[in-house]
Amino acid sequence: MDFMTSVGVWVAAFLTLSIFSFLYKDNPFYKFAEHLMVGVSAGYWVILLFYNVLLPDAIDPLFTEGKWYYIIPLILGLLMWTRLFKKTAWISRYPLAFYLGIATGVAIPLEMKAKVIEQLYGSVGLVAQMHEMDAGFGTVINNVVILIGVFSSLIYFFFSKEHTGITGRVSQVGIGVLMIGFGASFGFTVMARVSLLIERVQFLLFEWLKFGA
Amino acid sequence: MNFFEKMFAIDRRWVYLALGLAILISLLIPFSIPIPISEEAQNIYDYVDQLEPGQAIHLALDYDPSTLAELHPMTLAILKQCFANDVDVVITALHQFGPGMAAAAIDTAVARHDELTGEQMESGEDYVFLGYKPYPALIILGMGQNYRIPFPADYYGVMLDSLPMMQDIQNYDDVEAIINVSGTSATDWWIAYGQGRYNVPLAIGVTGVMATDYYPYLQTGQIFGILGGLKGAAEYETLVGTPGKAVDGMKVQIVAHLIIILFIVIGNIGYFSTRKRRGGAV
């Protein structure tokens, strides 16, 4: 391991332990590491944006390649900064409106297709799948469970009718299905958080302290 | 105050210490656990495995160092499989804190492949790293028209038109699939703007926190495979025959989960045993 890598490993180990020290209680080491991360992240992003976007996509085409029309997005971008001054803040609404218009036009049809229409088709398609001749017993049971889950969960969020009688009972099933979903999410979340801790302990043990090396 | 009442009122720092020690000890004791392969992980492996040499996939690495623990092993395993099968890889990193880390992951995968086979993978011939641009949704749409629109040059500043691998690759029509390894909502954009707009086959590798949100897309066929958290990473490491950090991590996960379950059980017994004394108040 070369000298600079070695220094990097020691700095990373110090910052890891500083962050972990918060588990005992708040302290200056934790605050230092936290502020350092925020500062480094902001600095990294500014440099990245300058060299990956502003320079190749705006400054170079405009001043080196003579593509004068690049001045239009550049002006729109600069107008966003007028928000910093109270008197001129209204001007920033123009580039913002331009951006929102494009984003909305692009997003609505595609988001609707991917997240509503396809999902709806997927749920309705389960019934068709069960009618197929080669649908196995397992597939049928699986699809019935999904259909009951989708239907009862939707009923739980149906507020135009009071949740009493049959509606109330179906809604109760919906709550059960939602709870199972939340449970699965919680289980995965625990695994994710423990994974982060494991990786840091692996780093401290094997890369910093060199156990088993 | 009996044992369970004491446990119910325990300082949370003892829980952290118990968990930390459990992880530390189980990392130092050598033992192994079986890693059963899920159908959704197998699907991704099989898809990449049936590709012919020279065909290409797009590997979208949309994560930052905060989710490196779960996602880096997936990236390395997928790259290993692609390099071993001579599948070309177009790589992007659309998270602002991702490009440097992605470049390091590529270097690691190249070095490991070199170590294993003695074959040197070349940028521009075997893989192309395009780097980062902001506004992922628009970049995903732009690449669907032509990779050169958002990325005239690669991460290292070499023009795409001059790279041998990119001669036959214009847009998503020229890649066999997109595999998105993500710790952010970029996965939503790949589903809506990549697969949804251009019908390109899409598979995802996501953090454990995100995994349950994306299973409905598997059922509808919008994605053909999913790697969920460290378990997904361990499955892929097993499939490519290189057990690494994820497989090591999974054995520790089991011990950590047992400790957490134990504390949940003790906490619940403590809760119910003291509830009567507290007058049934929650």
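All values reported here derive from a predicted model rather than from experimental measurement. A, B, ... follow the sequence lines: proteins, then strands. Residue 1 opens every chain.
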* Structure fact -> Most contact-rich option vs chain B, by heavy-atom pairs under 4.5 angstrom, among A:Ser123, A:Ala107, A:Gly187, A:Pro109, is A:Ala107

* **Nearest-0.5 Å distance that lies between atom CD in B:Glu70 and atom CZ in A:Phe188** => 10.0 Å

* Structure fact -> Here the pair of heavy atoms bringing B:Ser66 nearest to A:Leu196 is O-CD2, 3.3 Å

* Would A:Lys115 and B:Asp188 satisfy side-chain contact (heavy atoms from CB on, under 4.5 Å), going step by step from the backbone distance to the final call? -> CA-CA 9 Å; A:Lys115 293 179 181 171; B:Asp188 288 318; 3.5 Å; yes

* Asked: Who wins among A:Gln202, A:Glu111, A:Glu199 for the most heavy-atom pairs under 4.5 Å with chain B?
  -> A:Gln202

* Asked: Of B:Gln253, B:Lys245, B:Lys231, which is the lone residue that meets side-chain hydrogen bond (donor to acceptor under 3.5 Å, both in side chains) with A:Ser195?
  -> B:Gln253

* Taking atom OG1 of B:Thr212 and atom CZ of A:Phe186, what is their separation to the nearest 0.5 Å? -> 12.5 Å

* Asked: By a 4.5 Å heavy-atom criterion (distance strictly below it), what part of A:Leu110 contacts chain B: side chain, backbone, both, or neither?
  -> both

* Neighbours of chain A found in residues 202-211 of chain B - heavy atoms under 4.5 Å -> B:Gly208, B:Val209, B:Ala211

* Asked: When you look at CZ of A:Phe14, are more than 12 heavy atoms from neighbouring residues, nucleotides or ligands closer to it than 6.0 Å?
  -> yes

* Asked: Taking atom CZ of A:Phe203 as the centre, does the number of heavy atoms from other residues, nucleotides or ligands within less than 6.0 Å exceed 12?
  -> yes

* Can you name the nearest heavy-atom pair linking B:Thr220 to A:Glu118, along with the distance? -> CG2-O, 3.6 Å

* With rounding to the nearest 0.5 Å, note down the distance linking CD1 in B:Ile23 to CG in A:Leu197. => 3.5 Å

* Among B:Asp11, B:Leu28, B:Leu17, which has the most heavy-atom pairs under 4.5 Å with chain A? -> B:Leu28

* Asked: Using non-hydrogen atoms only, which part of A:Arg200 is less than 4.5 Å away from chain B: side chain, backbone, both, or neither?
  -> neither

* **Sequence-distant partners of A:Lys113, side-chain hydrogen bond (donor to acceptor under 3.5 Å, both in side chains), two or more places apart** => none

* Structure fact -> Among A:Gly181, A:Ala192, A:Gly122, the residue with the most heavy-atom pairs under 4.5 Å to chain B is A:Ala192

* Starting from the C-alpha separation in whole Å, work towards a yes-or-no answer on side-chain contact (heavy atoms from CB on, under 4.5 Å) for A:Ile198 and B:Asp248. => CA-CA 9 Å; A:Ile198 291 170; B:Asp248 271 352; over 6 Å; no

* To do: Provide the closest heavy-atom pair for A:Phe206 versus B:Leu27 in the form atom of the first, atom of the second, distance.
  => CZ-O, 4.0 Å

* **Part of B:Gln219 within contact of chain A (heavy atom distance under 4.5 Å)** => side chain

* Asked: Does CZ in B:Phe263 sit with more than 12 non-hydrogen atoms of other residues, nucleotides or ligands closer than 6.0 Å?
  -> yes

* Based on non-hydrogen pairs under 4.5 Å, which of B:Gly20, B:Gly157, B:Pro134 is most in contact with chain A? -> B:Pro134

* Asked: For chain B, which residues of residues 55-66 of chain A have at least one non-hydrogen atom nearer than 4.5 Å to it?
  -> A:Pro56, A:Asp57

Just list the side-chain donor-acceptor pairs under 3.5 Å for residues 36-53 of chain A, sequence neighbours left out, or say none.
from, atom 1, to, atom 2, distance (Å)
A:Ser41, OG, A:Met37, O, 2.6
A:Tyr44, OH, B:Gly100, N, 3.3
A:Trp45, NE1, B:Tyr132, OH, 3.3
A:Asn52, ND2, A:Leu48, O, 3.1

